Every structure is written in C-alpha cells, then in structure tokens.
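Below you'll find the structure, written out as structure tokens, and then a few comments.
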Amino acid sequence: TTINFQVAFPRSGELGNATEFFAQKVGEYTNGEVNVKLFWPGQLVAPKEGLVAMQRGTIGGFGSVLLYFAGQVPEVNAEWFPYGWENAEELMEIYYDRGYLNVLREALAKHDVYYVGPVPTGATSFLTNFPINKMEDLKGKKVRATGIHGNIAHALGAAPVNMPSQEQYVALQRGTIDGTLYPYVAIQIYKFYEVVDYVSLPGVNNPGNCSIVLGMKVWNALTPSQKVAVDRAGVETAWRGCLRSERKDASTLQLCKDKDVKVITLAPEEAKRFRETLVNTLYAEHEKKSELCAKQVKILKDYWKEKGR
C-alpha cells in the first residue's frame with residue numbers, strides 16, 4: 001500500500017524532518033507493507049486544499065498545521081491554545097493520557113479524516129522591539145499575528161497585523177510592525193536577532209503543533225496490525241518532536257544571550273493574568289462552538305486545576 005502524503009512545509013524544516021522519520025518508521029513497523037510517499041510544498045495540493053483533497057482521495061495523508069481546516073473543523077484551534085501546556089511533556093500527557101487526542105480524532109472523523117498525532121515543532125511567543133513586563137505593554141502595539149494568533153494578540157490588547165511570514169523581517173527592520181507572534185526558532189533560522197530586541201517568556205504555545213493525518217478511506221483500508229504500526233510511528237514521531245523542539249528552543253534562547261536579545265520572563269501572577277484574560281475571551285468563545293470544543297476546554301481546565309494553576 002502506498003500513501004501519497006502531502007507535507008505543507010519545506011523538507012528542511014521541523015515538519016519535513018518529522019514526516020521523513022514517520023514515513024521511515026511506518027515502513028519499518030509494517031515490514032515494508034505500507035509506504036508513505038512524501039510530497040513537498042507545491043507538488044500535489046496547496047495546504048488549504050488538504051482537507052478536501054483527503055476527502056476526495058487526491059491525497060492519502062497530510063502533514064501540516066491543522067489551522068488550515070479551522071473553518072470546517074473548529075476543534076483544530078485547540079492545538080494552538082495559548083498557555084494550554086507549559087512544556088512538551090505536559091502536551092504529551094494532555095494528548096495521550098487526558099483524552100485530547102481522542103477528541104481531535106472524533107472531531108476529524110466527522111470529516112473523513114483520521115488524526116494520527118501531534119508533531120511538536122517548538123515554542124511560539126512574542127518577539128518584539130519593546131519589553132513586555134505586563135499586559136498593558138502590548139496595548140496598541142502592531143504585532144504580526146494571523147489566524148488564532150491574531151485573536152490572541154487582540155485579546156491581550158495588541159493590534160494584530162496580517163502579513164505573509166516572509167515579509168516580517170523587513171517590517172520589523174523598518175518599524176512597520178512592533179513585533180510578531182511567531183516561533184522562537186525564527187531568531188536562529190531567519191536571523192530575527194538582527195531586527196528584534198526582546199523575547200517574551202513563557203511561550204504562548206509551548207510548544208506549538210503541526211499534525212499528521214490520513215484520509216479515513218486510507219486508514220480503514222489498513223489491516224489491524226498496520227493500524228497499530230501507524231499509530232506507533234505517530235507516537236514516536238510526537239515524542240521525537242518534543243525532544244527536538246525543547247533542544248532547539250534552548251539553543252535559540254542561548255543565541256539570544258550571545259546576540260544581546262533580551263529574554264523577559266513574565267512574573268507568575270502576570271503570566272496568570274495573561275492566561276485568565278484568554279480563558280475569558282478565546283477559550284470562552286471556543287467552548288460555545290461544539291460539544292467537542294467544550295470538552296477540549298474542560299480537559300485543559302481540569303489539568304490546570306490538578307497542577308494548582
């Protein structure tokens with residue numbers, strides 16, 4: 001069985017690396033019975049066509065940020081909930097032990113998609129030209145933030161700016177924007193240390209997620225042992241993503257020190273204020289969208305309560 005699998009982002013990035021590992025493990029664990037054939041951006045379908053392409057069978061699988069499906073499947077926004085988990089291990093616990101994964105599977109199954117698992121790809125936070133010590137510091141600041149990140153920036157008082165990611169560097173350099181809500185690794189990969197002065201901790205998404213999904217027809221055509229193998233490859237890909245993202249984030253924060261980019265960690269009570277503001281806005285809106293959306297919010301709130309947050 002060959003699964004034509006479209007990857008939304010370049011081979012050189014974290015998702016490219018993760019999907020290559022996943023494909024290799026699926027081949028290994030099925031003794032070569034299932035071949036995940038990877039296609040890179042522009043080869044089969046555009047990211048926003050991923051859902052329909054799987055439903056039609058144009059592609060068998062998809063690796064991407066599932067926010068592209070948010071219009072049809074509101075539950076996918078929960079993969080990018082702000083301050084939902086504090087590190088990669090908590091993410092895995094919430095997904096695999098507290099039912100988050102099952103809710104996503106149930107939501108996507110309604111759209112003929114099987115959710116294999118998350119791919120943690122590193123933390124996302126405010127990279128700015130002004131210090132953030134309290135929420136008021138964001139007031140009216142122009143922050144590049146799209147989709148759910150735009151809603152997060154807005155809820156915290158900033159003025160979200162929608163612009164393609166490749167235009168950020170110049171916009172930061174010229175002062176057209178005051179900051180961006182984006183993965184830390186941009187400091188390293190895109191040399192943002194040349195154009196930003198501050199990084200805000202804790203990460204808004206710590207880490208953020210891409211995901212691996214398959215068309216339900218493809219999933220249903222697999223034998224029981226092949227399904228076990230695919231799920232196993234998915235879990236291993238997720239754990240590997242956790243380790244890689246934590247390593248990469250740590251080296252990025254080290255680079256900040258070397259390049260004189262100041263890292264400001266919010267005081268615990270202020271970090272709590274950020275989260276509570278978002279719980280009363282973004283989370284409150286999310287839980288009204290469907291029963292499964294409400295379930296996602298409950299899983300997180302129960303988890304925080306248990307951790308005394």
Side-chain angles (χ1 to χ4, degrees), residues 3 5-10 13-16 18-19 22 36 38-39 41 44-56 58-82 84-85 88 91-92 94-96 99-124 145-152 165 181-183 204-216 218-219 230-231 233-235 237-238 241-242 245 282-283 285-286 289-290 292-293 295-297 299-300:
I3 299 172
F5 190 99
Q6 175 69 59
V7 186
F9 305 125
E14 280 305 300
L15 181 64
T19 47
F22 172 72
V36 176
L38 302 176
F39 291 85
L44 289 180
V45 297
K48 52 181 177 291
E49 294 159 13
L51 182 62
V52 172
M54 277 186 289
Q55 290 165 339
R56 289 182 180 159
T58 315
I59 58 173
F62 187 55
S64 177
V65 169
L66 294 191
L67 294 174
Y68 287 113
F69 303 174
Q72 294 80 23
V73 193
E75 292 83 1
V76 299
N77 280 313
E79 294 217 89
W80 287 86
F81 267 173
W85 38 85
L91 176 147
M92 292 300 281
I94 288 164
Y95 269 75
Y96 288 92
Y100 220 64
L101 181 87
N102 295 335
V103 174
L104 282 161
R105 282 186 176 167
E106 200 180 323
L108 284 154
K110 293 178 180 176
H111 299 269
D112 297 323
V113 170
Y114 179 74
Y115 182 91
V116 176
V119 182
T121 50
T124 298
T146 59
I148 189 171
H149 284 134
N151 299 342
I152 293 167
S165 55
L181 186 44
Y182 206 64
V204 174
N205 305 110
N206 201 18
N209 276 323
C210 289
S211 305
I212 289 173
V213 291
L214 298 176
M216 195 58 84
V218 169
W219 173 251
V230 168
D231 275 341
V235 175
T237 302
C242 288
S245 70
L282 198 94
Y283 282 75
E285 285 158 27
H286 183 81
K289 287 183 179 165
S290 75
L292 290 175
C293 286
K295 215 174 190 177
Q296 289 172 318
V297 173
I299 289 170
L300 289 178

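Starting from 1, each residue takes its place in the sequence as its number. Note that the structure is a prediction, hence the values are computed from the model and not measured.
- Minimum heavy-atom separation, Leu66 to Val76: O-CG2, 3.2 Å.
- Between the side chain of Arg105 and the backbone N or O of Val116 there is at least one donor-acceptor pair closer than 3.5 Å.
- Distance CD/Glu106 to OG/Ser290: 9.5 Å, rounded to 0.5 Å.
- In this structure, Leu44 and Thr58 have side chains that are not in contact, with every pair of non-hydrogen atoms separated by 4.5 Å or more.
- Here the closest heavy-atom approach between residue Ala18 and residue Thr237 is recorded as O-CG2, 3.6 Å.
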message: The test is side chain to side chain contact (heavy atoms under 4.5 Å, CB included); show your working for Leu214 and Met54 and say whether it passes.
response: CA-CA 7 Å; Leu214 298 176; Met54 277 186 289; 5.7 Å; no
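- By the 30° and 60° cut-offs, the orientation of the rings of Tyr100 relative to Tyr95 is perpendicular.
- Trp80 places no side-chain N or O within donor-acceptor distance of the main-chain N or O of Asn205, the cut-off being under 3.5 Å.
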query: Can you check side chain to side chain contact (heavy atoms under 4.5 Å, CB included) on Leu282 and Ile148, steps first, answer last?
result: CA-CA 9 Å; Leu282 198 94; Ile148 189 171; 4.1 Å; yes
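- Interatomic distance, Asn209 CG to Cys242 SG, rounded to the nearest 0.5 Å: 8.5 Å.
- Of all the heavy atoms in Ala238 and Pro120, the pair that sits closest is O-CD, 3.5 Å.
- Using a 4.5 Å cut-off on side-chain heavy atoms (C-beta onward), Val7 and Ser64 make no contact.
- Separating the CG atom in Leu292 from the CG atom in Leu104 is a distance of 9.0 Å, to the nearest 0.5 Å.
- Checked against Cys210 for a side-chain contact (heavy atoms from CB on, under 4.5 Å), the options Val119, Leu67, Thr19 give a single hit: Val119.
- Between Pro118 and Leu91, the shortest heavy-atom distance links the atoms CG-CD2, 4.4 Å.
- Pairing each heavy atom of Gly60 with each of Val218, the nearest pair is CA-CG2, 3.7 Å.
- Only one option out of His286, Lys289, Glu79 pairs with Gln296 in a side-chain hydrogen bond (donor to acceptor under 3.5 Å, both in side chains); it is His286.
- A donor-acceptor contact shorter than 3.5 Å links the side chain of Gln55 to the backbone of His111.
- Counting only heavy atoms from C-beta outward, the side chains of Phe62 and Leu51 never approach each other to under 4.5 Å.
- Between Ile212 and Phe22 there is a side-chain heavy-atom pair separated by less than 4.5 Å.
- Separation of the Tyr283 and Phe81 ring centroids falls under the 6.0 Å cut-off.
- Using a 30° and 60° split on the angle between ring planes, Trp219 and Tyr114 fall in the parallel class, below 30°.
- Gly84 approaches Ile94 most closely through the heavy-atom pair O-CD1, 3.9 Å.
- Here the CZ-OG1 distance, from Phe9 to Thr121, works out to 8.5 Å after rounding to the nearest 0.5 Å.
- Going from atom CE of Met92 over to atom CG of Leu101 covers 9.0 Å, rounded to the nearest 0.5 Å.
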